[in-house]
Amino acid sequence: MAATKSSESSEAPQTSGSLFPQPKVRGKKKRVSKKNKSAWRKHSDIKDIEDFLDDQRLQLRTGGLVADKADDSLFYVDKQNDNEDEAPVAKKRKKELKPLKIDQIIAGETTVKPVTGHAPPMGSGKVRRKEMKAKELEQKTGYISKEKRKKLKLNSVQAGLKKPQAVREYYDLWGNDAKDKPTEEEEDEHYAQVTGKTRVKVPVRTQTYAKNPSILPKVEVIHPGGSYNPTFEDHQQLLQQAVQSERKKVKDEKKLERQTRLPPKREWATRRDKMKELTEGLLDEEDEEEEEGEELEGEQSIPKATIRAEDKKSRQKRRKEKEQREQEQQKTADKTKKIKEHEVNRLKAIKKEINALEKKKEERQKKREEIRTQNADKPKRLSRHKYEEPFPEFKLSEELVGTLREFKPEGSVLKDRFKSLQRRNILETRVKAKRQKKFKKKYVEKKQYKEISINV
Amino acid sequence: MGRLMKKKYESGAATAYITRNRAINYLQISLPDFRRLCILKGVYPREPKNKKKANKGSTAPRTFYLMKDIQYLSHEPIINKFREFKVFVKKLKKAFAKAEHGRVETLQENKPVYKLDHIIKERYPTFVDALRDLDDCLCLVFLFATFPQTKNIPGDFVRRCRHLSVEFMNFIVAAKALKKVFLSIKGIYYQVEMQGQVVTWLVPYSFGFNAKACADVDFRVMAHFVEFYITMLGFVNFKLYTSLGLHYPPKLTFEAKLKDDDEKNPYCLESEATGERLAALSASLASVVTQNTEEDEVELDEFEDSRTLEAKQEEEKQKAFQKLFNGLKVFVSREVPREPIVFTVRSFGGEASWDRSVAMGATFDESDETITHQIMDRPKADRQYLSRYYIQPQWLFDCVNAKMLLPVEDYFPGVVLPPHLSPFVEYKEGDYVPPEKEALSRRQQGLDTGDAVSEEADVSEEEEEEEEEGKEEEEIDDEDDEEEEDEEDDDDDDDDEKEEEVQKVERKMPVKRKQDDVPETPPSNMKVKEGKLDYEDASSKANREEWEARKLAILMIPKKRKRLFEKLSKRERRKKHEAKKLTTKREEFEKSQKDMKKKQRLSNK
């Protein structure tokens with residue numbers, strides 16, 4: 001039906017709206033047969049219909065059909081004075097308000113949202129089940145599903161999922177805010193409800209050792225002789241300490257040297273000694289071999305003992321041996337039993353023994369405790385390397401200037417802190433790991449280069 | 001048939017301890033991460049009682065941890081963050097290698113970060129616990145604040161450390177909590193008391209960073225400690241500030257700010273100005289609430305009891321100590337280390353300033369006539385004002401340690417200073433006490449007005465024809481007498497004390513004199529004294545009786561305890577002997593010094 005209409009309309013003048021309609025040239029109407037479908041399609045003109053439909057689609061894409069729209073949305077009463085509009089300032093503003101051409105091109109025309117994915121048909125089992133679950137969860141826990149959040153245009157903060165970003169930068173860690181937090185039991189319950197599992201128990205750690213791994217003070221104040229302007233005696237004492245530690249150091253060094261020193265020259269190996277060592281066992285070997293050969297021969301000459309029939313144990317003999325063994329066992333058992341029975345009479349002596357043992361134990365314990373208290377302020381052995389006491393800082397008498405301006409500090413606070421941490425068993429002593437040596441670089445002269453010699 | 005044998009190393013020490021490598025395997029983290037975790041959580045290696053058992057029969061030295069500790073570590077949520085960070089680094093490397101710059105940017109924006117709040121709360125359940133552990137924290141934070149920001153120090157640690165240390169010092173100034181200062185050869189030791197907790201820390205002198213001196217220190221480990229302590233000190237500072245009713249982050253008072261705005265400074269950017277001003281320590285902090293007048297405390301019911309009276313006296317002494325430098329206006333010359341001096345002066349209620357060209361935050365100029373003391377460390381000043389004392393910096397620190405204002409003349413520029421005694425030494429009975437300390441303690445008790453040593457020195461100086469020392473001394477003596485009276489009056493009226501102190505300072509003014517005055521004729525040392533009758537003293541009699549009683553008591557000691565007593569008394573005697581030795585040594589030394597001086601003088605003549 002529509003097709004027939006269009007064919008008719010194709011005859012209608014296209015420029016009906018123009019002021020000067022061109023005179024129609026009535027040409028000869030071309031006659032074509034439209035006997036079958038393909039011919040019909042080929043020769044019927046549907047351009048205007050397509051244009052109309054295109055226009056409608058465009059309207060739909062860019063804000064709905066114009067025909068359906070209310071008049072108010074399409075027209076407005078122009079109350080503005082045209083002259084005013086022409087004022088240069090207003091013009092300028094207008095220009096500002098108007099979007100740039102380039103922006104218009106980029107902006108695109110459509111207001112229709114793009115199709116996203118394949119949505120399962122509404123009312124299908126999958127969707128229903130999902131919705132039901134979400135609803136249930138929301139009732140139970142107040143969790144708003146992602147879809148619903150999207151629908152309501154809520155972000156995660158508004159939905160109560162996330163806490164709003166830290167508004168207060170500073171807060172009291174030890175304040176009463178802890179009261180608002182849920183207790184551990186409540187947390188556990190919540191966890192169980194949400195996950196259907198019980199929480200893993202976190203081990204509780206006593207903080208006693210963590211606080212005090214050593215009895216030493218956290219900051220050890222330097223000896224009073226370490227004042228920048230010390231009294232004579234204090235300074236002497238400090239120097240004395242330094243001297244002692246220096247002496248110990250020298251002694252240790254000497255010991256090491258002594259242990260690694262070469263023996264005196266007269267004890268060195270001479271050439272003869274070396275020769276002797278090299279030929280050790282070579283010259284005497286032949287004789288020994290001979291002797292060995294002889295021995296072997298001697299061994300071979302002794303005939304093996306033959307097993308005789310009379311040496312075999314008879315049944316009787318075996319039985320008697322067994323009886324004897326059993327008798328002996330019985331005897332020892334009896335004896336131990338007797339001793340046990342008689343121990344009742346030894347009660348006093350046993351008590352004494354026990355007492356003595358306990359006393360010994362106690363003494364040992366006491367001794368150990370004493371050693372422990374003695375070593376309480378010493379660093380423990382926590383790794384392969386022993387803790388080394390740093391050399392005490394001091395100033396020589398001539399280095400003491402007596403005024404703050406000319407005074408030069410001694411040592412480093414960082415090192416002092418580091419050593420203090422080691423002394424207090426907080427850090428284990430370590431030696432800086434040396435970089436592992438990679439393979440030695442090998443230089444090879446290539447043939448091509450070798451052939452070229454400069455001296456030619 | 002046979003009994004079920006208990007297998008070795010399946011219980012006891014072998015399972016209670018775990019070696020470090022096994023712990024790393026257990027936690028599935030790398031060794032550096034493990035180290036960091038241990039430092040953050042406060043898990044330290046242990047030494048088992050029986051190493052062989054803990055090491056399953058081997059005697060090789062190893063590092064052990066308690067299995068329980070490691071299990072406890074495995075529940076730490078930070079471990080996940082470490083793993084996330086590892087993944088992040090991998091991704092970043094890949095993006096870099098592929099030159100995907102946009103991806104690098106987004107990755108770096110979403111870099112995983114971890115918070116230490118929960119760990120601090122866990123390690124220090126109460127605020128007092130945190131205060132107790134503040135020594136280490138302060139030492140490291142103050143130390144790192146002096147470092148240059150190098151690649152060895154991660155993040156902006158140095159800036160944050162400086163920030164926190166300045167905040168803490170400002171709090172100490174506001175709370176007047178400083179107790180002791182000791183200038184040692186290593187650095188400056190400070191001791192403060194906050195909420196009943198005594199905290200000591202060490203601050204290095206402000207010299208350049210010496211990498212050689214700390215070559216064998218593991219910087220990474222120390223940085224982990226600092227990372228933890230920065231967070232901790234942040235929380236502690238907040239709590240301290242709020243406890244005093246001060247703004248946090250610290251704000252300057254309105255007047256100080258105004259001054260700041262007036263002073264268009266060329267020192268720093270405008271955004272940094274407040275921070276710098278805070279670091280100058282010269283301005284006071286704004287409080288949240290309008291500050292009540294000082295004496296707004298709850299008045300306790302009065303009980304006539306010796307103990308409460310003692311406590312009261314102690315408290316009053318403390319209060320007086322906090323106001324030690326009240327009314328003092330100190331000008332710091334440019335050759336003197338500014339920060340420690342301003343810190344001490346301000347902590348005891350004084351005012352301090354310096355030349356405007358030295359640093360910003362100066363509150364008054366050198367030409368100010370109301371300045372009472374000028375700290376200088378040169379043998380002689382170029383220009384001198386009559387209205388103020390010129391003294392060396394040690395005077396301030398010695399005053400703090402002595403808990404009283406010491407006579408200034410020992411500390412004049414160019415004078416050989418008395419020794420700077422350590423306030424951290426506690427002398428027991430029988431210990432050798434240096435004469436300077438003895439004189440000081442006598443002076444503190446109000447027994448002696450001028451110390452013996454300085455008197456001796458005076459004598460020698462008089463011999464050397466120094467100017468009018470004796471006159472000066474007398475005047476000072478008078479003042480000290482007044483101070484004594486003050487202390488006696490303390491019990492009755494505390495309120496008047498401040499006024500009195502101010503008056504005292506005013507009274508001191510006329511005494512001041514110029515260094516290069518024309519020497520007058522020395523007063524002769526000879527005097528005619530009134531004779532005294534020789535009474536038998538009642539106290540000496542009592543003493544003698546006491547001594548006899550003691551001797552009897554010693555006789556009555558049973559045989560069982562006698563040995564112990566003898567041991568103790570022997571030890572005491574030895575101590576005394578040593579002390580005596582030292583005193584004789586000292587005397588000899590002084591005598592030799594005097595002889596030297598005499599010889600020098602003779603040779604000069």
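All heavy atoms count here, side chains included; hydrogens, waters and symmetry mates do not. Numbered from 1 within each chain, the chains take letters A, B, ... in sequence-line order.
Residue A:R384 qualifies as open at atom CZ: its count of foreign heavy atoms under 6.0 Å is 12 or below. In the displayed structure, A:E246 atom CD is contacted under 6.0 Å by more than 12 heavy atoms of other residues, nucleotides or ligands. Around the NE2 atom of A:H190, the shell of radius 6.0 Å holds no more than 12 heavy atoms that belong to other residues, nucleotides or ligands.
Contact check for A:V221 versus B:Q191: no side-chain heavy atoms found under the 4.5 Å cut-off. With a 4.5 Å cut-off on side-chain heavy atoms, A:L173 and B:K239 do not count as touching. The side-chain heavy atoms of B:L134 and A:K218, taken from C-beta on, include no pair separated by under 4.5 Å. For the pair B:D136/A:R424, a side-chain contact is recorded, criterion being any heavy-atom separation below 4.5 Å from C-beta on. In this structure, A:P409 and B:F207 have side chains that are in contact, with non-hydrogen atoms separated by less than 4.5 Å. Residues A:L404 and B:Q392 fail the side-chain proximity criterion, which asks for heavy atoms closer than 4.5 Å. Residues B:K437 and A:T231 fail the side-chain proximity criterion, which asks for heavy atoms closer than 4.5 Å. A:L421 places a side-chain heavy atom less than 4.5 Å from the side chain of B:M222.
Put simply, of B:S422, B:A213, B:A215, the one with the most heavy-atom pairs under 4.5 Å next to chain A is B:A213. Between chain A and the options B:F147, B:F238, B:Y248, B:F424, the largest number of non-hydrogen pairs under 4.5 Å is found for B:F238. Among B:Q71, B:Q394, B:R62, the residue with the largest count of heavy-atom pairs under 4.5 Å with chain A is B:Q394. Highest contact tally toward chain B, considering only A:K415, A:R430, A:E410, A:R372, is held by A:R430 [criterion: heavy-atom pairs under 4.5 Å]. For the options B:L183, B:D129, B:D135, heavy-atom pairs under 4.5 Å to chain A are most numerous at B:L183. Among B:F182, B:W201, B:F144, B:F219, the residue making the largest number of heavy-atom pairs under 4.5 Å with chain A is B:F182. Of the residues considered (B:P423, B:P249, B:C38, B:G234), B:P249 shows the highest number of contacts with chain A, using heavy-atom pairs under 4.5 Å.
When heavy atoms are compared at a cutoff of 4.5 Å, B:H75 approaches chain A solely by way of its side chain, counted from C-beta outward. In this structure, chain A has heavy atoms under 4.5 Å from both the backbone and the side chain of B:I120. For B:A60, no part lies near chain A; criterion is any non-hydrogen pair under 4.5 Å. For a residue to count as touching a neighbouring chain, one of its non-hydrogen atoms must lie under 4.5 Å from one of that chain's; by this rule B:Y411 does not touch chain A. When heavy atoms are compared at a cutoff of 4.5 Å, A:R368 does not approach chain B at all. With a 4.5 angstrom heavy-atom cutoff, A:V200 touches chain B only via side-chain atoms. For B:K51, the part lying near chain A is the side chain, with the backbone staying farther off; criterion is any non-hydrogen pair under 4.5 Å. In this structure, the portions of B:F127 lying under 4.5 Å from any heavy atom of chain A include both its backbone and its side chain. Interface remark: B:V236 contributes backbone and side-chain atoms alike to the contact with chain A (heavy atom separation under 4.5 Å). The contact between B:P393 and chain A is made entirely by side chain atoms (from C-beta outward), counting heavy-atom distances below 4.5 Å. For B:P48, no part lies under 4.5 angstrom from a heavy atom of chain A. Of the two parts of A:E406, neither the backbone nor the side chain holds a non-hydrogen atom closer than 4.5 Å to a non-hydrogen atom of chain B. For chain A, the nearby part of B:R20 is the side chain; its heavy atoms alone come within less than 4.5 Å. Looking at B:K180, neither its backbone nor its side chain comes within 4.5 Å of chain A, counting heavy atoms on both sides. For B:V425, the part lying near chain A is the side chain, with the backbone staying farther off; criterion is any non-hydrogen pair under 4.5 Å. For chain A, the nearby part of B:L143 is the side chain; its heavy atoms alone come within less than 4.5 Å. Contacts between A:K386 and chain B at a heavy-atom distance below 4.5 Å are absent for every atom of the residue.
Of all the heavy atoms in A:I426 and B:F225, the pair that sits closest is CG2-CZ, 3.8 Å. Considering all non-hydrogen atoms of both residues, B:S184 and A:F407 come closest at O-CZ, 3.8 Å. The two residues A:F418 and B:D216 come nearest to each other via the heavy atoms CE2-O, 3.8 Å. Residues A:L382 and B:T63 come closest through the heavy atom pair O-OG1, 3.0 Å. Between B:P45 and A:E428, the closest heavy-atom pair is CG-OE1, 4.1 Å. Considering every non-hydrogen atom in both A:R381 and B:E47, the closest pair reads N-OE2, 3.2 Å.
Here the two rings, on B:F235 and A:Y170, have centers that are 6.0 Å apart or farther.
We find the NE2-CD1 distance between A:H235 and B:I185 to be 7.5 Å, quoted to the nearest 0.5 Å. Between B:L421 atom CG and A:D234 atom CG the span is 7.5 Å, to the nearest 0.5 Å. B:F209 CZ to A:L414 CG: the interatomic distance, rounded to the nearest 0.5 Å, is 7.0 Å. Once rounded to the nearest 0.5 Å, the distance linking CG of A:L427 with CD1 of B:I39 reads 6.0 Å. In this structure, CZ on B:F589 lies 8.0 Å from CD on A:Q236, to the nearest 0.5 angstrom.
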Please walk me through it: do B:F142 and A:V413 pass side chain to side chain contact (heavy atoms under 4.5 Å, CB included)?
CA-CA 10 Å; B:F142 273 78; A:V413 178; over 6 Å; no
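Using a 4.5 Å cut-off between non-hydrogen atoms, the part of residues 223-230 of chain A that approaches chain B consists of A:P224, A:G226, A:S227, A:Y228, A:N229, A:P230. Listed by sequence position, A:E393, A:F394, A:K395 are the residues of residues 387-400 of chain A in contact with chain B, using a 4.5 angstrom heavy-atom cutoff.
Without hydrogens or angle criteria, B:D377 side chain to A:R405 main chain gives a donor-acceptor distance under 3.5 Å.
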